[in-house]
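In this text, all values refer to a predicted model and were calculated from it rather than measured experimentally. In what follows, chains carry the letters A, B, and so on, assigned in the order in which the sequence lines appear, proteins first and then strands, with residues in each chain numbered from 1.
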Number of protein chains: 4
Amino acid sequence: MARGVNKVILVGNLGNDPDTKYTQGGMAVTRISLATTSVRNDKDGNKQERTEWHRVVFFGKLGEIAGEYLRKGSQCYVEGEIRYDKYTGQDGVEKYTTDIVANEMQMLGGRGDGGGGGGGGNYERGNRPQRSAGGGGDAPQRSAPPQRQAPQQQRPAPMDDFSDDDIPF
Amino acid sequence: MARGVNKVILVGNLGNDPDTKYTQGGMAVTRISLATTSVRNDKDGNKQERTEWHRVVFFGKLGEIAGEYLRKGSQCYVEGEIRYDKYTGQDGVEKYTTDIVANEMQMLGGRGDGGGGGGGGNYERGNRPQRSAGGGGDAPQRSAPPQRQAPQQQRPAPMDDFSDDDIPF
Amino acid sequence: MARGVNKVILVGNLGNDPDTKYTQGGMAVTRISLATTSVRNDKDGNKQERTEWHRVVFFGKLGEIAGEYLRKGSQCYVEGEIRYDKYTGQDGVEKYTTDIVANEMQMLGGRGDGGGGGGGGNYERGNRPQRSAGGGGDAPQRSAPPQRQAPQQQRPAPMDDFSDDDIPF
Amino acid sequence: MARGVNKVILVGNLGNDPDTKYTQGGMAVTRISLATTSVRNDKDGNKQERTEWHRVVFFGKLGEIAGEYLRKGSQCYVEGEIRYDKYTGQDGVEKYTTDIVANEMQMLGGRGDGGGGGGGGNYERGNRPQRSAGGGGDAPQRSAPPQRQAPQQQRPAPMDDFSDDDIPF
DNA sequence: TTTT
DNA sequence: TTTT
């Protein structure tokens, strides 16, 4: 059920390593910053390049996978939906954020720095395949509930403390 | 050219009549507010409904069409890309906005109040059909709808008899 | 998991009432024929219209909903994936089919003839809402559990020789 | 204009080198065979893998680019529409084909064998970048990959007063 | 076979 | 602010 369609499809590269946190209930919440660049010709015939930095968030199993396999520079495909949020900053000012809540992810050929794992693999939200964490190779490392990492986006980063309810929405 | 994919697909209803403005150069810029609602079951098994309000913007010919045919309550399909912007408000505070820049639009069956014309029509950005501009403030107005043409296709219908295995693949 | 993305998004109208069958296991399998029409200008500047008829199939709960609510003429949004199948006809000749296996469906404003239910509602495959089958109005018709047919892949490659007209369509 | 939406999004790998032909009018028509693989658990809990081979066709400038840069094994993103065709074989039997007519293509990180250049580049149908045609039979050849450019956003107040430059971006 |  |  629902009324309407809210779908986003992105292919881009991560600006930083993923940031994974865990809710009290133990659910992974991974955030990445994903760049997509487009080029247009302005009316003077000059190429104009513009990059959008998308805040993408993965929940649950998908959050674990994203946190484990993606790295700064990784290229990936993301499918999800747009979620607009509003919160009041510590300065008492209302702020707005836009996130892409992913429900599918696919690693693509080109990795960034973090050498590591092989190519691809497509992951959806739901009753997904088992993936032994801490897996092979020089696979990603994950501490338990880690610290936020500096995104460079111009946009606010609302103190994410998640509760289990917060999520799938 | 470009690097990456930044694609949004929406089906929703307008919360208000479109707002059309014109640049000095005479280009139409139409903005709409489009609602998409999703329903999820929270962990207590209750239905939780959530509506996103998308700021959609149409430029040029598409802006004229959107301004002319869409109305408060209209249902439409929009395809476009996400654009994040930052600006400094009059209060000197930095603000952030997210827009969906449409490059395709399709009116769907259900209209809202603004009675007017019939159902659909799909419009893309580019060298599109001629449509008398001018429009501005008011209700739709349309020349005769295109006449039907005989399709020539036809394909087989393989007597499907299913077993349970057949399926989710 | 998986490797690659295979995604189809359609908005079109049903050419006929849905056809719902049930597997031995009781799973609904509903098929519809969905028309999408596009218009292009050929090189003589004439409008050329072309309609594709998509074979869309819905399984399980989604199949029940589609069978119950859609009707000839209904407009709907479908999301799914392309599946190519090959089978041997009763004449011993190999035949090929292409289906869109839907995993999401959304009824849109405009209905066809089948008066019946209200406007919209978005349905995904999975643990979906309860919907009393055999429902109201001039509800669906179904035949009994039928026999399986051999799917299989592989398809022909028709030696295409192009002319300039052939194209952008 | 048009009525309906017919959209396909694929990410997959080429099963063979592209096949480029030219119309009498000199337009490139490039065909590739693109694999997408999905994995599901059947009802016995076993993983079932299935690969779809999509026939993708690129016309014009996009056909030249696809023919020049893609190779067997290349991973790419394709956006297009489904086209069903029917023709009569030399044996007098009617045959059916399904093609994905691409209108956008993006090379992705992972290459197959055809060594060649780096990562990506997104190409749409339309008045696209200049690319020397000719290419024909052989391996990719590319000028230096585009240098990354300092992203960053920043744009005008939403008080929308537009200038003509503002736009298609 | 739909729809406008 | 829409829609069901």
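Comparing F:dT1, F:dT2, E:dT1 by their nearest atom to the side chain of B:Ser33 picks out F:dT1.
By the 5.5 Å and 30° criteria, B:Trp53 is stacked with the base of F:dT1.
Taking 4.5 Å as the limit, some side-chain heavy atom of C:Ile9 sits within range of a side-chain heavy atom of B:Ile9.
Note: CG (C:Leu108) to C1' (F:dT2) measures 15 Å, nearest angstrom. Taking atom CD on C:Gln75 and atom P on F:dT3, their separation rounds to 17 Å, with Å as the unit. With rounding to whole Å, B:Asn13 atom CG is found 6 Å from F:dT3 atom P. E:dT3 atom P lies 21 Å from atom OH of B:Tyr77, rounded to whole Å. If you take CZ of A:Arg3 and P of F:dT1, they are 19 Å apart, rounded to a whole angstrom. For B:Gln48 and F:dT4, the CD to P distance is 22 Å, given to the nearest whole Å. Straight-line distance from the CZ atom of C:Arg71 to the P atom of E:dT1: 20 Å, rounded to whole Å. Distance, B:Ile32 CD1 to F:dT1 P: 17 Å, rounded to whole Å.
In this structure, A:Glu81 pairs ionically with B:Arg40, as a charged nitrogen and a carboxylate oxygen lie closer than 4.0 Å.
Residues passing the salt bridge (Lys or Arg N to Asp or Glu O under 4.0 Å) test with B:Asp91, sequence neighbours excluded: B:Lys95. For B:Thr51, the side-chain hydrogen bond (donor to acceptor under 3.5 Å, both in side chains) partners at least two apart in sequence or on another chain are B:Thr37.
Nucleic acid contact for B:Thr36: none, since no nucleic acid atom lies under 4.0 Å from a heavy atom of the residue.
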